[in-house]
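Heavy-atom basis, side chains included; hydrogens, waters and symmetry copies ignored. Residue numbers begin at 1 in each chain, while the letters A, B, ... track the order of the sequences.
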Amino acid sequence: MATTPSLPITQFSPTKLRIDTTNPLSLLPKCTSLRELKQIQAFTIKTHLLNDLNVVTKLINFCTQHPTTSSMDHAQHLFDGISEPDTALFNTMGRGYSRSKTPFRAICLFVQVLNSGLFPDDYTFPSLLKSCASMGAKALQEGKQLHCFAIKFGLNNNVYVCPTLINMYAECNDVDAARRVFDKISEPCVVSYNAIITGYARTSRPNEALSLFRELQERNIKPTDVTMLSALSSCALLGALDLGKWIHEYIKKYRFDKYVKVNTALIDMYAKCGSLDDAVSIFNNMSVRDTQAWSAMVVAYATHGQGYKAISMFEEMKKAQLSPDEITFLGLLYACSHTGLVEEGCRYFYSMRDKYGIIPGIKHYGCMVDLLGRAGRLDEAYRLIDELPITPTPILWRTLLSACSSHGNLELAKQVIERIFELDNSHGGDYVILSNLCARAGSWEDVDFFRKLMRDRGAVKVPGCSSIEINNVVHEFFSGDGVHSVSTDLHRALDELVKELKMVGYVPDTSLVYHGDMEDEEKEITLRYHSEKLAIAFGLLNTPPGTTIRVVKNLRVCGDCHSAAKLISLIFDRQIILRDVQRFHHFKGGKCSCGDFW
DNA sequence: ATAGGGTTAG
């Protein structure tokens, strides 16, 4: 492979290049390395220019463009040599700190600016606010103080400061504050729109994101590639396939498909909206694919239950000379755990650090707990969490709790729920799992104990909700809708449906119903009006025969609904694609893509 | 010398 030879020192000789020796800075645009910069700097010393603030600022700016440890050290050295820096110099140095991911230093520098009696200007705030944003919620206080200073110096309405303010609040987990800043702008530009739309998309508020996306179009403001990313991610959150397709058309029309990131967001949107085929075709048509695009495909195959394809994507990616990142590994480990490939999963987990130098994060450990737990290696999973180098989250224990539940291990489940309660006792779902486990073991006193505990602590279970999009309208159904109200056409249709299912061998699994003191018939009705059954029945009634039914559920699919969906796909010859909170289930011809392993 | 960014366990 040919490498670009580094420029020989002589090339910087002013006589050979006939360069104005009084202006060594004219060499800066051609400068490509820190070594060359130091040579230019040598000239500035010769010509007594190194005390010129403007010159030093330019040298420092060069060092901070693509910061490395040595270039930042050099910038610091240059900065320290100046006795009376001006605002511009402070700004440049501060931006360097922000870029080199040392946000705290950037903020300390701002304090120096104020103490020196200098005035911050419109260049001062963007990088400082970005520093706060990069630290997340823990920097909200600092961010608010900077906001106050921006107001004090009359810069809060500046066209460059506004979007960073919005972004800072959004990244520091206060999207509503971000919105208040946005709403005060009289004529928001597309960057401010992007900042707030992205904030909503990232905090799982897709409806607000999309309504601002519509507002932007009504105002005839031209969206950018960044707008497309957030709009697509909102569709992905909602599972809104039709809207996603519309945005895809829009992207093609305005040529946003030349951006790799937009294509990656399209892959993710199609995968999350249940159309794996479309995701694959976007990927196949991409001319340039980066690590992120490959990762999106690994995740897509994994969540659709095609573990082996996810793994082969990973192998092909390596052949394409791209290195996996932490997200690629999440997808890969996820694929292994949902396909039951325990040994492979462990091997990949260890190779992360040993071969690729990626330190496993809390989510990777989560995958490992799931992997071992599903395989019934519950004690190993428990030990893994207990010996974690990082503080476990309740989610990690909850993963193990659901493994205990599927393996019927009440003893361990009781230990695990204690560990969960140490961290969070407000999650109704945990009590329900325990109480159901106790019911299955016939331990009715324990059932009452956990039910009472849940009531006393005011812990609530999120109600199950399933939605289905038909002709651009999203219909939502809640679990138990109609159990106590007058029956409608939908309920009558569902009653008929259950009769038909029973004829082909369906037996309602009432052991999954939580309310222990109900009569069996009552339990069966509760089960019958589960949100996913209501949504599927609605889809059967309102779409032409043979159409695929796509349902999105907010929780994990219930076991009884899963059996029912398999039978429905068989007797009505319909494909049903159900997205639950963690994965996809493709029902076809009486079978599910998850192989009943979820 | 100035802004906004997709993929993330259950």
**OP:** For the pair A:E344 and A:R347, find out whether any cationic side-chain nitrogen is under 4.0 Å from an anionic carboxylate oxygen.
**Re:** no
Original post:
What residue pairs, at least two apart or across chains, pass salt bridge (Lys or Arg N to Asp or Glu O under 4.0 Å) with a residue in residues 291-303 of chain A?
Top reply: none
**OP:** Pick out which of A:F110, A:F119, A:F79 makes a ring-ring contact (aromatic ring centres under 6.0 Å, His included) with A:F90.
**Re:** A:F79
Original post:
Should the pair A:R383-A:E380 be classified as a salt bridge under the 4.0 Å nitrogen-to-oxygen rule?
Top reply: no
Original post:
Aromatic rings A:F149 and A:F153: how do their planes relate, parallel, tilted or perpendicular, breaks at 30° and 60°?
Top reply: parallel
Original post:
NA contact type, A:L232, heavy-atom cut-off 4.0 Å: base, sugar-phosphate, or nothing?
Top reply: nothing
**OP:** Report the residues that fulfil side chain to side chain donor-acceptor pair (under 3.5 Å) with A:N173, sequence neighbours left out, ordered by chain and then residue number.
**Re:** none
Original post:
Got a sec: does the OH of A:Y250 have more than 12 other heavy atoms crowding it under 6.0 Å?
Top reply: yes
Original post:
Reckon A:T393 touches a base, only the sugar-phosphate, or nothing at all at heavy-atom distances under 4.0 Å?
Top reply: base
Subject >> Set of residues satisfying side chain to side chain donor-acceptor pair (under 3.5 Å) with respect to A:S466, sequence neighbours excluded >> reply: A:S531
Original post:
Are A:F125 and A:Y160 close enough that their ring centres sit under 6.0 Å apart?
Top reply: no
Subject >> Sugar-phosphate, base or nothing in reach of A:R99, heavy atoms under 4.0 Å >> reply: nothing
Original post:
Heavy atoms under 4.0 Å, any strand shown: does A:T198 hit a base, just sugar-phosphate, or nothing?
Top reply: sugar-phosphate
Original post:
How would you label the contact of A:T224 with the nucleic acid (heavy atoms, under 4.0 Å): base, sugar-phosphate, or nothing?
Top reply: base
Original post:
Do the ring planes of A:F213 and A:W246 sit parallel (below 30°), tilted (30 to 60°) or perpendicular (above 60°)?
Top reply: perpendicular
Subject >> salt bridge (Lys or Arg N to Asp or Glu O under 4.0 Å) contacts touching residues 154-172 of chain A (sequence neighbours left out) >> reply: A:E171-A:R202
**OP:** Determine yes or no for a side-chain-to-main-chain donor-acceptor pair under 3.5 angstrom, with A:S71 supplying the side chain and A:C63 the backbone.
**Re:** yes
Original post:
Is there any ring-ring contact (aromatic ring centres under 6.0 Å, His included) pair reaching into residues 270-293 of chain A, and which pairs are they, with sequence neighbours excluded?
Top reply: A:H248-A:Y270, A:F283-A:W294
**OP:** Quick one: label A:L396 by what it contacts on the DNA or RNA (base, sugar-phosphate, nothing), any heavy atom closer than 4.0 Å.
**Re:** base
Subject >> Close approaches to DNA chain B from residues 166-187 of chain A, in residue order (heavy atom, under 4.0 Å) >> reply: A:N167, A:E171
**OP:** Scan residues 270-281 of chain A for pairs that pass salt bridge (Lys or Arg N to Asp or Glu O under 4.0 Å), counting only residues two or more places apart or in two chains.
**Re:** A:D268-A:K272
Original post:
Which parts of residues 292-300 of chain A get close to DNA chain B, meaning a heavy atom less than 4.0 angstrom away?
Top reply: A:Q292, A:A293, A:S295
Original post:
Between residues 333-342 of chain A and DNA chain B, which residues have a heavy-atom gap below 4.0 Å?
Top reply: A:Y334, A:H338
Original post:
Which pairs, with at least one residue in residues 222-235 of chain A and sequence neighbours excluded, count as a side chain to side chain donor-acceptor pair (under 3.5 Å)?
Top reply: A:N194-A:T224, A:N194-A:T227, A:T198-A:S230, A:T224-A:T227
**OP:** Taking heavy atoms of chain A and a 4.0 Å limit, find me the 5'-most and 3'-most nucleotide of DNA chain B within that range.
**Re:** B:dA1 to B:dG10
Subject >> Residues from residues 366-373 of chain A lying under 4.0 Å of DNA chain B - heavy atoms >> reply: A:G366, A:C367, A:D370
**OP:** List the atom of A:L371, the atom of A:C346, and the distance in Å for their closest heavy-atom pair.
**Re:** CD2-N, 4.0 Å
